[in-house]
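Note that the structure is predicted; figures quoted are calculated from it, not measured.
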Amino acid sequence: MIIVCREGIMAAREVILSIIFLVSLASCGVEAKQHVPVLVWNNNQASDGVPAVSALQYINYNTFQSKYLHAFQPKNILLFIQDALSIEDLSSHAGEFQHVNRLMQEGHSLYLPNVEDAAHLAHDLPTHGYSVEVLEPGIPVAGLNLKQQDDNLIVVKLPSTLTNPSRKRALQKADEVIVNVISKIGEQREFTVIFTGLKPSVENKGEEQYEERIRVSRSLQQSKPEYPVGFHYSKCVYIYFFNDMVLNFYQGNDTRSEKKLIYSVAINESLAMDEGELTGDCTQKHQSITLKYNNVVINNHTHSQLDLHYHFQLVGDEWSFTYVHTILTPGSTDTVDFKPQNSDITGIPIRMSYSCSQKITLRSNNTDPETNSYYTLVLNGVQMQPRTENFPAIKFSGAWDCVGFFTVPILSSVFVTFLLLVILSVGMFMLSDIKTMDRFDDPKRPAILVPTAGTD
């Protein structure tokens with residue numbers, strides 16, 4: 001019975017030890033999964049063919065070796081390993097890494113902010129035929145002997161930075177060692193230089209923070225700025241319609257009694273084919289923007305695409321709105337040019353937009369001389385501005401309004417106010433001119449007699 005109990009205790013101990021061993025392996029695996037920055041450069045290669053790397057991207061070891069390091073086609077590798085290195089070291093101590101930054105700028109270089117276990121190259125490359133030489137701190141470089149022409153891996157262990165009380169001085173020392181080693185052995189072979197660390201010098205808060213950063217980055221990339229309906233922009237022109245444009249077709253002379261409206265079409269802004277920045281000309285003297293609308297029904301006929309080209313002319317420090325070139329059917333000669341009819345939009349100062357809440361009528365030339373038919377394009381409120389190519393943000397500058405300060409309602413209000421002020425002034429003057437008696441009756445004394453001409 002005692003033997004059975006002892007066997008049970010031994011089996012339980014083995015199970016517990018196995019669990020502890022597995023937990024320790026898992027914890028070691030988690031701790032080993034640390035990301036450090038990696039700098040790669042080769043001063044004998046042109047800066048070409050390196051894929052772009054996002055600042056939020058985490059790269060595993062296999063991807064680093066097969067995709068990014070393979071882009072350098074390294075013949076020999078010079079691997080500098082620091083005991084601890086983080087992104088903060090490279091960004092906050094740029095002055096301490098002045099030699100490394102100069103070498104990165106002079107050749108084919110790549111900066112990877114977060115690579116998993118990059119120092120594993122020292123153990124992995126020898127299995128791929130690389131001849132390994134290790135330089136410990138304090139060992140001179142002069143005694144280094146490269147055994148083969150290519151596929152040499154030189155691992156340089158940099159002085160410790162964790163035991164140095166001044167991290168600034170420790171990083172500066174690492175920079176000096178790197179440039180010193182490269183200057184002494186860089187001429188013997190063509191080396192691809194790699195600078196990384198064994199672990200991050202700043203505490204890593206784990207993969208959850210990384211996933212959160214990735215989600216935020218994706219949401220920022222997917223979100224697009226929202227503009228009001230009716231706003232269109234190109235590289236150099238902004239235009240905003242307060243309401244839908246209206247296309248009218250008339251026949252007859254240009255008098256109310258003789259002209260006849262054949263049909264009228266509202267060009268709905270929801271049909272606009274806007275996909276961000278539109279096309280147009282952006283020269284020094286002429287600029288334009290092309291608006292495209294889908295499936296516009298004109299006189300019971302659906303046009304698959306309606307193109308409106310708004311043209312602006314720039315002269316000196318002023319700009320003018322000249323005309324609208326309309327293509328009713330793409331690829332055909334069915335075109336109409338509209339010019340302002342009510343008033344000319346000219347003399348607008350550069351760096352100012354033109355705004356008008358009133359209707360602006362643009363008239364075409366006669367399309368049929370026999371019937372005197374023509375089109376009108378009515379803008380029911382518009383704001384427009386060319387010469388915006390150097391603007392820091394997509395928005396209008398100060399507006400030059402089509403309505404002057406003294407409009408008819410304002411003048412009417414001023415006239416009525418002035419009339420009331422005149423009436424009030426006359427009344428006050430008449431009140432001030434009233435004469436009153438200088439004496440009044442006293443009950444204790446005889447009554448006051450006012451003599452008249454008829455009194456004896």
Side-chain angles (χ1 to χ4, degrees), residues 28 32-51 53 59-85 90 97 99-104 106-112 114-161 171 173-199:
C28 292
K33 192 176 181 180
Q34 294 178 330
H35 296 83
V36 294
V38 176
L39 303 180
V40 187
W41 70 89
N42 190 322
N43 296 113
N44 296 313
Q45 296 180 0
S47 179
D48 215 6
V50 178
V53 181
I59 302 171
N60 58 38
Y61 174 77
N62 293 329
T63 304
F64 163 63
Q65 185 185 20
S66 60
K67 181 179 180 181
Y68 296 101
L69 185 58
H70 181 72
F72 287 81
Q73 297 292 326
K75 297 180 180 179
N76 301 282
I77 295 179
L78 186 56
L79 177 60
F80 291 94
I81 300 179
Q82 191 168 283
D83 55 357
L85 184 67
L90 301 175
F97 287 108
H99 298 101
V100 173
N101 292 331
R102 176 178 56 81
L103 293 172
M104 289 277 290
E106 291 177 353
H108 184 194
S109 61
L110 175 64
Y111 169 54
L112 304 174
N114 300 286
V115 179
E116 178 188 346
D117 197 13
H120 184 62
L121 283 172
H123 306 284
D124 184 43
L125 291 180
T127 62
H128 293 79
Y130 277 79
S131 176
V132 184
E133 295 287 342
V134 180
L135 288 179
E136 297 284 348
I139 298 178
V141 185
L144 185 65
N145 183 21
L146 301 180
K147 299 179 181 179
Q148 53 192 25
Q149 182 65 28
D150 292 332
D151 294 337
N152 291 292
L153 172 62
I154 301 177
V155 180
V156 181
K157 295 183 179 179
L158 297 172
S160 176
T161 59
L171 297 177
K173 180 63 177 177
D175 180 71
E176 293 173 356
V177 172
I178 291 174
V179 71
N180 184 38
V181 173
I182 293 176
S183 63
K184 291 182 178 180
I185 67 174
E187 296 180 356
Q188 299 182 23
R189 302 284 191 279
E190 178 184 336
F191 281 96
T192 296
V193 185
I194 302 174
F195 174 40
T196 186
L198 290 174
K199 62 179 182 179

message: Looking at every heavy atom in both Val40 and Met104, which two are closest together, and how far apart are they?
response: O-SD, 3.9 Å

Heavy-atom closest contact (Pro126 atom, Leu121 atom, distance): CD-O, 4.0 Å

query: Does some side-chain heavy atom of Thr63 sit less than 4.5 Å from a side-chain heavy atom of Glu116?
result: no

task: Of all the heavy-atom pairs spanning Asn42 and Asn44, show the shortest one and how long it is.
output: OD1-N, 2.9 Å

- prompt: If you look at every heavy atom in Gly197 and Val36, which pair is closest and at what distance?
  reply: O-CG2, 3.4 Å

- prompt: Do the non-hydrogen side-chain atoms of Val179 and Arg102 ever get within less than 4.5 Å of each other?
  reply: yes

In a table with atom names and distances, give each donor-acceptor pair under 3.5 Å that connects a side chain of residues 74-85 to protein atoms at least two apart or in another chain.
{"residue": "Asn76", "atom": "OD1", "partner": "Asp151", "partner atom": "N", "Å": "3.3"}
{"residue": "Asn76", "atom": "OD1", "partner": "Asn152", "partner atom": "N", "Å": "2.9"}
{"residue": "Asn76", "atom": "OD1", "partner": "Asn152", "partner atom": "ND2", "Å": "2.9"}
{"residue": "Asn76", "atom": "ND2", "partner": "Glu190", "partner atom": "O", "Å": "3.3"}
{"residue": "Gln82", "atom": "NE2", "partner": "Ala84", "partner atom": "O", "Å": "2.8"}
{"residue": "Asp83", "atom": "OD1", "partner": "Thr161", "partner atom": "N", "Å": "3.4"}
{"residue": "Asp83", "atom": "OD1", "partner": "Thr161", "partner atom": "OG1", "Å": "2.6"}
{"residue": "Asp83", "atom": "OD2", "partner": "Ser160", "partner atom": "OG", "Å": "2.9"}
{"residue": "Asp83", "atom": "OD2", "partner": "Thr161", "partner atom": "N", "Å": "2.8"}
{"residue": "Asp83", "atom": "OD2", "partner": "Leu162", "partner atom": "N", "Å": "3.3"}

query: Among all residues two or more places apart in sequence or in another chain, which pass the ring pair (Phe, Tyr, Trp, His ring centres under 6.0 Å) test with Tyr130?
result: none

- prompt: Is any side-chain heavy atom of Phe97 closer than 4.5 Å to a side-chain heavy atom of Leu39?
  reply: no

- prompt: Looking at residues at least two apart in the chain, or sitting in another chain, which of them share a ring pair (Phe, Tyr, Trp, His ring centres under 6.0 Å) with Tyr61?
  reply: His120

- request: Output yes when a side-chain donor or acceptor of Asn180 lies under 3.5 Å from a complementary backbone atom of Glu176, and no otherwise.
  value: no

query: Can you tell if the side chain of Ile154 reaches within under 4.5 Å of the side chain of Phe191, non-hydrogen atoms only?
result: yes

task: Say whether, by atom type as modelled, one donor and one acceptor occur between the side chain of Glu106 and the main chain of Asn43 under 3.5 angstrom.
output: no

- request: Flag the pair Val134 / Glu136 as yes when at least one side-chain heavy-atom distance between them is below 4.5 Å, and no otherwise.
  value: yes

